[in-house]
Student: 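One structure, pasted below without further comment.
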Number of protein chains: 2
Amino acid sequence: MSSAAAAPPDPDDPGVRAWSLLLRAHAALVPVVGREVERGAHLPLSWYDVLLELNAAPERRLRIQELGSRVVLSRSRISRLVDEMAVEGLVRREPDPQDRRASFAVLTDEGRAGLRRAAPIYLDAVRRHFTEHVRPDELAALRDALTRVLAPHEGR
Amino acid sequence: MSSAAAAPPDPDDPGVRAWSLLLRAHAALVPVVGREVERGAHLPLSWYDVLLELNAAPERRLRIQELGSRVVLSRSRISRLVDEMAVEGLVRREPDPQDRRASFAVLTDEGRAGLRRAAPIYLDAVRRHFTEHVRPDELAALRDALTRVLAPHEGR
DNA sequence: TTATGTTGCGTGCGTACGCACCTAGTTGTG
DNA sequence: CACAACTAGGTGCGTACGCACGCAACATAA
């Protein structure tokens with residue numbers, strides 16, 4: 001049980017500072033990377049994430065809900081995203097014969113092609129804006145720490 | 001060289017994995033912390049950030065533009081945020097006599113009181129969801145690394 | 001079978017946000 | 001002085017997103 005937090009508000013706590021930096025880094029970097037991907041590969045960053053997850057999935061397909069949780073989007077949002085991407089031919093909706101409520105989002109060949117075009121641009125942007133400034137040991141610490149932070153929230 | 005894996009991105013690159021984790025951690029944690037603050041202190045997370053920055057500023061006031069860049073929001077957004085908070089009495093707009101285009105956002109006493117009420121809730125949420133899962137040395141690495149990552153974007 | 005819940009998705013709607021543009025005040029140049 | 005160039009801030013508008021709700025398809029009880 002968390003004991004009484006009778007301690008005074010301490011915004012200079014090292015943990016809070018790290019948290020704050022995480023927020024700022026996210027706010028500063030994501031728009032920049034998104035811009036570069038959109039400019040260079042002509043697709044939104046969220047589309048890229050979807051393509052990436054589908055490509056990594058068995059059979060290159062996922063149920064809508066599962067896809068949403070992997071890219072950390074609401075079901076409503078991912079549902080519309082898949083619609084929009086289907087219009088562009090990057091994914092395809094496919095009904096599940098076993099459960100007729102469900103449907104899969106399936107990566108099309110065109111989707112894979114888009115992913116291949118976008119990947120170098122995305123990776124380059126991430127490298128220049130992020131990885132390049134972080135030492136290998138810091139990267140390892142970051143991965144370990146964030147993995148543990150994330151663990152309690154895996155379910156959605 | 002197995003069959004598949006033509007050219008898909010390299011998600012096993014340690015840098016990209018760390019970046020991806022950062023995105024996921026942000027996406028997972030921010031809504032949760034925001035909820036807790038809103039529930040416990042009856043104010044949005046973005047309001048809390050504004051109160052915090054103003055409280056830390058000299059004279060407890062900042063020009064709109066400067067405030068926006070500190071909380072990483074666009075000028076349009078911060079302008080409306082200040083309006084909304086002024087309606088609730090947490091901040092006050094004050095013209096700059098030196099430059100009549102500019103205006104300050106000034107923290108009111110009520111604003112400070114709100115901050116004092118919200119701070120323990122916010123800090124507790126950050127601790128339970130973030131700090132608690134990270135070792136001190138990892139926190140330090142995180143702060144150092146993110147500070148360097150952020151540096152090129154300070155001017156926003 | 002019918003009745004009762006549960007799950008997987010889709011849709012209407014409100015909110016948060018940034019961009020493009022506009023206005024007023026300030027600074028510089030002749 | 002006029003008159004352009006620049007700057008702080010506000011506003012109209014489009015977009016991305018989640019929530020609340022609705023609906024059909026499953027699952028289980030009786």
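Letters A, B, ... are given to chains in the order of the sequence lines, protein chains preceding strands, and every chain is numbered from 1.
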Student: Would the number of heavy atoms belonging to other residues, nucleotides or ligands and lying under 6.0 Å from CG of B:Asp137 be above 12?
Tutor: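 Counting neighbours around CG of B:Asp137, more than 12 heavy atoms of other residues, nucleotides or ligands fall under 6.0 Å, so yes.
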Student: State whether B:Arg63 and B:Glu66 are salt-bridged, where the test is any N-O pair (Lys NZ or Arg NE/NH1/NH2 against Asp/Glu carboxylate O) under 4.0 Å.
Tutor: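 Result for this pair is no, no salt bridge flagged.
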Student: In whole angstroms, how far is the C1' atom of C:dC9 from the CG atom of A:Leu62?
Tutor: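 In whole Å, C:dC9 C1' and A:Leu62 CG are 16 Å from each other.
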Student: Under the rule for ring-ring contact (aromatic ring centres under 6.0 Å, His included), what residues qualify as partners of B:His133, not counting sequence neighbours?
Tutor: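 Partners of B:His133 under the ring-ring contact (aromatic ring centres under 6.0 Å, His included) test: none.
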Student: Output the rounded distance in Å from CG (A:Asp99) to C1' (C:dC9).
Tutor: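 That distance rounds to 11 Å.
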Student: Kindly write out the residues that satisfy side-chain contact (heavy atoms from CB on, under 4.5 Å) with B:Glu88, not counting sequence neighbours, or none if the list is empty.
Tutor: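 Partners of B:Glu88 under the side-chain contact (heavy atoms from CB on, under 4.5 Å) test: B:Trp47, B:Leu90.
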Student: Need to verify one output field. Residue with the more 5' nearest nucleotide on DNA chain D, B:Ser103 or A:Arg100?
Tutor: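 By nearest-heavy-atom nucleotide position, the 5'-most residue is B:Ser103.
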Student: Among pairs that include at least one residue of residues 20-40 of chain B, which meet ring pair (Phe, Tyr, Trp, His ring centres under 6.0 Å), considering only residues two or more places apart or in two chains?
Tutor: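 Only A:His26-B:His26 qualify under ring pair (Phe, Tyr, Trp, His ring centres under 6.0 Å).
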Student: Of all heavy-atom pairs between B:Val16 and A:Leu123, which one has the smallest distance, and what is that distance?
Tutor: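 Shortest heavy-atom separation between B:Val16 and A:Leu123 comes out as CG2-CD2, 3.4 Å.
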Student: For the pair made of CG in A:Asp49 and P in D:dA16, what is the distance, rounded to whole Å?
Tutor: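 Taking atom P of D:dA16 as the reference, CG of A:Asp49 is at 14 Å.
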Student: Please enumerate all residues that pass side chain to side chain donor-acceptor pair (under 3.5 Å) together with B:Trp19, with sequence neighbours excluded.
Tutor: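 Only A:Tyr122 meet the side chain to side chain donor-acceptor pair (under 3.5 Å) criterion with B:Trp19.
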Student: Atom CZ of B:Phe104 to atom P of D:dG10: distance rounded to whole Å?
Tutor: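 Interatomic distance, CZ of B:Phe104 to P of D:dG10: 13 Å.
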Student: For A:Ser79, which residues count as a side chain to side chain donor-acceptor pair (under 3.5 Å) partner, sequence neighbours excluded?
Tutor: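 Applying side chain to side chain donor-acceptor pair (under 3.5 Å) to A:Ser79 gives none.
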Student: Check side-chain contact (heavy atoms from CB on, under 4.5 Å) between A:Glu94 and all other residues, then give those that pass, not counting sequence neighbours.
Tutor: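 A:Arg61, A:Arg92, A:Phe104, A:Val106.
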Student: Considering the terminal five base pairs at each end of the helix from C:dT1-D:dA30 to C:dG30-D:dC1, what angle separates the two local helix axes, rounded to 10°?
Tutor: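 Taking the rotation axis at each end, their angle is 0°.
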Student: Could you pull out all residues at least two apart from B:Arg60 that satisfy side chain to side chain donor-acceptor pair (under 3.5 Å)?
Tutor: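 Residues passing side chain to side chain donor-acceptor pair (under 3.5 Å) with B:Arg60: B:Asn55.
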Student: So that I can tick it off, tell me whether B:Arg127 and B:Asp124 are bridged by a salt bridge, with the cut-off set at under 4.0 angstrom between side-chain N and carboxylate O.
Tutor: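 So B:Asp124 pairs with B:Arg127 through a salt bridge.
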Student: Return the set of residues passing side chain to side chain donor-acceptor pair (under 3.5 Å) with A:Thr147 (not counting sequence neighbours), or none when no residue passes.
Tutor: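 None.
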Student: Within residues 34-45 of chain B, which residues have any heavy atom lying less than 4.0 Å from an atom of DNA chain D?
Tutor: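 Residues of residues 34-45 of chain B that come under 4.0 Å of DNA chain D are, in numerical order, B:Arg35.
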Student: Can you check nucleotides 21-24 of chain C for protein contacts, nitrogen or oxygen pairs under 3.5 Å, and list what you find?
Tutor:
none

Student: If we ignore angles and hydrogens, is there a donor and acceptor under 3.5 Å between the side chains of A:Ser76 and A:Arg80?
Tutor: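 No, A:Arg80 and A:Ser76 have no side-chain donor paired with an acceptor closer than 3.5 Å.
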Student: Enumerate the residues from residues 76-98 of chain B whose closest heavy atom to DNA chain C is under 4.0 Å, giving them by residue number; use none for an empty result.
Tutor: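 Output list: B:Ser76, B:Arg77, B:Arg80, B:Gln98.
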Student: Considering only D:dC17, D:dG9, D:dC26, which nucleotide approaches the side chain of A:Leu73 most closely?
Tutor: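 Nucleotide nearest to A:Leu73's side chain: D:dC17.
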